[in-house]
Amino acid sequence: MSETVRGIISLRKSAETEIAAIVLPDPGPHDVVVRVQACGVCHTDVAYRNGGIGDEFPYLLGHEAAGVVDAIGSAVTRVQPGDFVVLNWRAVCGECRACRRGRSQFCFNTHNASRAMTLEDGTELTPALGIGAFAEKTLVHEGQCTKVDPRADPAAVSLLGCGVMAGIGASINTGGVTRGDSVAVIGCGGVGIAAIAGAALVGATTIIAVDRDRRKLDWAKQFGATDTLLAGECDIVESIRALTGGVGADVVIDAVGRPETWMQAFNARDLAGTLVLVGVPTPDMRLEVPMIDVFSHGGALKSSWYGDCLPERDFPTMVALFRQGRLPLDRFVTERIALDDVEAAFEAIHAGTVLRSVVML
């Protein structure tokens, strides 16, 4: 039978969010009902609310979530009621050309729930990134559920669902950072800090954090940055070169996603260095790069989508590292808030006063 829960919705572009009654239908054959325990507040949710991603209002916001499987469809095989799961928005299809080649982390399709959640009047909701987890319960495809160690703190591991995994993956999966490497990260919000944590995890010896906010640079040190640069007070490219023996970093990660930061990353690499773009640009942004510079510099220019992660492989590993005390996921949680406090959490994101606010349900 369908059931009604509370959730945070965005009815129209740039309007304040509100709590509404959300109707969950019976799960389809491959659908799963998850009782949400924790859900991080992400920049992407703000973008949905402000119409920066699409115009399929009303949206059911929230996507960085962990919880317990409550009910399953008739054909579900991956999870059972009672399983503790982290939700992901890359439910690999297993059938596209990337999956057939054994590269499921680049899956070109993704599965979402087969049935729509609605308002009480029957209006269909668009769940953010196919998840919609600012709610007491949500409906997702079984492939969006990744089982992890149930002893882990839901607030900490929920963040693997988006920003933290994006940053860690940008370092490890996309950038290929390994022990002894030099790494520079431009932009030290949640994703950039996670990239720093990922670089530290695998043994990078020089990790340079770049930001305009001294508070964020202080956070970066707590997650493994060996050096910090305050943007606006120095030449970023020359300063990164000076900290890397005059040659530039092996890997430079742009966690901002603007033409000027991309160019800084491009020029701050060693000759065979790698640039990773993980910050999300807007559609109007353009680059002008002399082709001779691309040719003569060598190395690799990459973009990182969700940290090129494979949830079934990466989430349990990250949770195990957290449980071992080797990956400080809990330090990303600046505050734990109620469902009613989401709008205030959006303001905190804008002010840059939090790494992550996490809604506890």
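Each residue takes its place number in the sequence, starting with 1.
- Counted within 6.0 Å of CD on E312, heavy atoms from surrounding residues, nucleotides or ligands total 12 or fewer; the atom is thus considered open.
- Nearest heavy atoms, C188 versus D211: N-OD2, 2.7 Å.
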- Message: With ring pair (Phe, Tyr, Trp, His ring centres under 6.0 Å) as the criterion, how do F332 and F223 come out once you've worked through the C-alpha distance, each side chain's angles and the decisive distance to 0.1 Å?
- Response: CA-CA 9 Å; F332 286 93; F223 285 85; 4.5 Å; yes
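- The environment of Q324 atom CD is dense: over 12 non-hydrogen atoms of other residues, nucleotides or ligands sit within 6.0 angstrom.
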- For T118 and E124, run side-chain hydrogen bond (donor to acceptor under 3.5 Å, both in side chains): C-alpha distance rounded to whole Å, both residues' side-chain angles, the deciding distance at 0.1 Å, then the answer. CA-CA 4 Å; T118 69; E124 291 192 3; over 6 Å; no
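- By the 4.0 Å N-to-carboxylate-O rule, E95 lies too far from R100 to be salt-bridged with it.
- Between R90 and D314 there is no salt bridge, since no side-chain nitrogen of the basic residue lies less than 4.0 Å from a carboxylate oxygen of the acidic one.
- For R313, the CZ atom sits in a packed shell: over 12 heavy atoms of surrounding residues, nucleotides or ligands are nearer than 6.0 Å.
- Separation of atoms CE (M165) and CG (L329) is listed at 10.0 Å; rounding is to 0.5 Å.
- A distance-only check finds a donor-acceptor pair linking the side chain of T226 to the backbone of I207 [under 3.5 Å].
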- Message: Let's go through V252 and T274 carefully: what are the C-alpha distance in whole Å and the side-chain angles of both, what is the deciding distance for side chain to side chain contact (heavy atoms under 4.5 Å, CB included) to 0.1 Å, and is it a yes or a no?
- Response: CA-CA 6 Å; V252 184; T274 297; over 6 Å; no
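- In the model, S304 has a side-chain atom that pairs as donor or acceptor with a side-chain atom of T174 under 3.5 Å.
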- Query: Could you walk me through whether I253 and S171 pass the side chain to side chain contact (heavy atoms under 4.5 Å, CB included) check?
  - Reply: CA-CA 8 Å; I253 298 170; S171 280; 3.3 Å; yes
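- At least one donor-acceptor pair closer than 3.5 Å links the side chain of R286 to the backbone N or O of P283.
- Under the side-chain contact (heavy atoms from CB on, under 4.5 Å) rule, V32 has a single partner from I72, D83, L87, which is I72.
- S158 and E64 form no side-chain donor-acceptor contact under 3.5 Å, judged by distance and modelled atom types alone.
- With a 6.0 Å cutoff to the six-membered ring centre and a 45° limit on the axis angle, R97 counts as a cation-pi contact of F108.
- Contact record, D181 with G176: OD2-O, 4.0 Å, taken as the closest heavy-atom pair.
- Shown here is D121, whose CG atom has more than 12 heavy atoms of other residues, nucleotides or ligands within 6.0 Å.
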- Query: Should V278 and W305 be marked as a side chain to side chain contact (heavy atoms under 4.5 Å, CB included) after you check the CA-CA gap, both sets of side-chain angles, and the distance that decides it?
  - Reply: CA-CA 7 Å; V278 66; W305 191 64; over 6 Å; no
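- Scanning both residues, L129 and W89, for their nearest heavy atoms gives O-CB, 3.3 Å.
- Formation of a donor-acceptor pair under 3.5 Å by the N88 side chain with backbone atoms of G161 is not found in this model.
- Atom CZ of R103 sits in a sparse spot, with 12 or fewer heavy atoms from other residues, nucleotides or ligands closer than 6.0 Å.
- N50 contributes no side-chain N or O that, together with a main-chain N or O of G52, makes up a donor-acceptor pair within less than 3.5 Å.
- The side-chain hydrogen bond (donor to acceptor under 3.5 Å, both in side chains) test with H30 is passed by exactly one of H111, E142, R78, H141: E142.
- Side chain of R331 to main chain of Q222: a donor-acceptor pair is present (N/O by atom type, distance under 3.5 Å, no hydrogens or angles).
- Residues I8 and E18 form no side-chain contact, since every pair of their non-hydrogen atoms from C-beta on lies 4.5 Å or further apart.
- For the residue pair Q105 and N173, no side-chain donor N or O sits within less than 3.5 Å of a side-chain acceptor on the partner.
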- Step-by-step side chain to side chain contact (heavy atoms under 4.5 Å, CB included) determination, V69 to V85: CA-CA 7 Å; V69 174; V85 297; 3.9 Å; yes
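- R269 places a side-chain N or O within donor-acceptor distance of the main-chain N or O of F266, the cut-off being under 3.5 Å.
- No more than 12 heavy atoms of other residues, nucleotides or ligands sit less than 6.0 Å from atom CZ of R258.
- Residues R115 and D26 are not paired through a salt bridge, judged by the lack of any N-O separation under 4.0 Å between the basic side chain and the carboxylate.
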